There are 2 protein chains.
Amino acid sequence: MDKIDKKLLRLLQENARYSLKQLSEKVYLSSPAVAARIEKLEEEGIITGYHADISLDKMGYHITAFINLEMTPKQKASFIPFIAEVPNVIECNTVSGNYSMLMKVSFPSTSDLDLFIGQLQKFGHTETQIVFSVPVPHRGIVMKEEA
Amino acid sequence: MDKIDKKLLRLLQENARYSLKQLSEKVYLSSPAVAARIEKLEEEGIITGYHADISLDKMGYHITAFINLEMTPKQKASFIPFIAEVPNVIECNTVSGNYSMLMKVSFPSTSDLDLFIGQLQKFGHTETQIVFSVPVPHRGIVMKEEA
DNA sequence: GATGAAACAGCCGAGCT
DNA sequence: AGCTCGGCTGTTTCATC
């Protein structure tokens, strides 16, 4: 993991569809060398995937919210398989404080969100925060240049 | 936006580095047709970008947390430019309830996180939840097949 | 949207530092 | 050992139908 690897990570975070050619020009190496480095980063588990970002709003998902759910450990066991199958769940984390889960969800409307929150009641107490705006959009960790 | 567009979105969410050739085989279309559809999706703002996912843990960021910050509207104005420049902030949302912001952050250790929370005190009251595990990793909205 | 040709990028080997 | 350079293969792009 040297300076060049970090720069490749930064570039691929910025645009995962850069070609090897484009990358090789930006880091002043040949494309086979870049290909080998990227393959190594993937094998080491440093790069875990490449994903297209899709506008939730344009797809009709106008309401995004964070839901905090407080449960007992027993309920958690049945909750996780359930939540993994709900397509509206963008992420779900086990967090500190009262055995709770914090999840990010997205729905077409507030009534759909309300319906979902209703389904969660059997697992435990919920607290919901609706997202109004996103001053800092989801991004990866910014790599230090170390130039 | 037809069935094929949705399938392309699903495929690019899954792996943004699929070549046009691979995509064209999966949707049973020619590669120029696929290229034109993707270009249209990008222009319409439905696809907003392509990003490599990097393991925070492998990069030395072992602690991830959600921080809720309660502020007055006035403080918010000075807070947003500040927070946008902190590389450890993964996302930051304005949410309902007491003019608060909910942000996701990542640090090498709990003491780094503590230092950061200290910096936030001048903006308002904070509540922090540390992430223990991620049962459902961050993902896009799952496209309905509509086969 | 499909087809075919031309430009381009990626891949594998050999040789170099 | 890792990189660069060559040529061969596969991919993308453009013009035409």
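Proteins come first, then strands; the chains are lettered A, B, ... in the order of their sequence lines, and each starts at number 1. Worth saying up front: this structure is predicted, and the values here are computed from it rather than measured.
- Atom NZ of B:K40 and atom P of C:dG1 are 9 Å apart (whole Å).
- A donor and an acceptor atom, one from each side chain of B:D112 and B:S109, are located under 3.5 Å apart.
- Remark: P of C:dC8 and CG of A:L20 are 17 Å apart, rounded to the nearest angstrom.
- Here the nucleotide nearest the side chain of A:A33, chosen from C:dT3, D:dT13, D:dC3, is D:dC3.
- Considering only side-chain atoms of A:P32, the nucleotide from C:dC12, D:dT13, C:dA2 that sits closest is C:dC12.
- For the pair A:I38 CD1 and C:dC11 C1', the computed distance is 14 Å after rounding to whole Å.
- For B:H138 and A:H51, the ring centers sit 6.0 Å or farther from each other.
- In this structure, CD of B:Q22 is placed 14 Å from C1' of C:dA9, rounded to the nearest angstrom.
- Applying the 4.0 Å criterion to OP1 and OP2 of C:dG1, one finds that B:R37 has a side-chain N or O inside that range.
- Annotation: B:Y18 is not in aromatic contact with A:Y50 [ring centroid separation under 6.0 Å not met].
- Counting only heavy atoms from C-beta on, B:S19 has its side chain closest to D:dT12 among D:dT12, C:dC11, C:dA2.
- Of the two residues near DNA chain D, A:R17 and A:Y28, the one whose nearest nucleotide lies more 5' is A:Y28.
- Taking every side-chain heavy atom of B:K21 into account, D:dT12 is the closest of C:dC11, C:dA9, D:dT12.
- Between B:F107 and B:F116, the ring centre distance stays below 6.0 Å.
- In this structure, A:Y18 places its OH atom 15 Å from P of C:dA9, rounding to the nearest Å.
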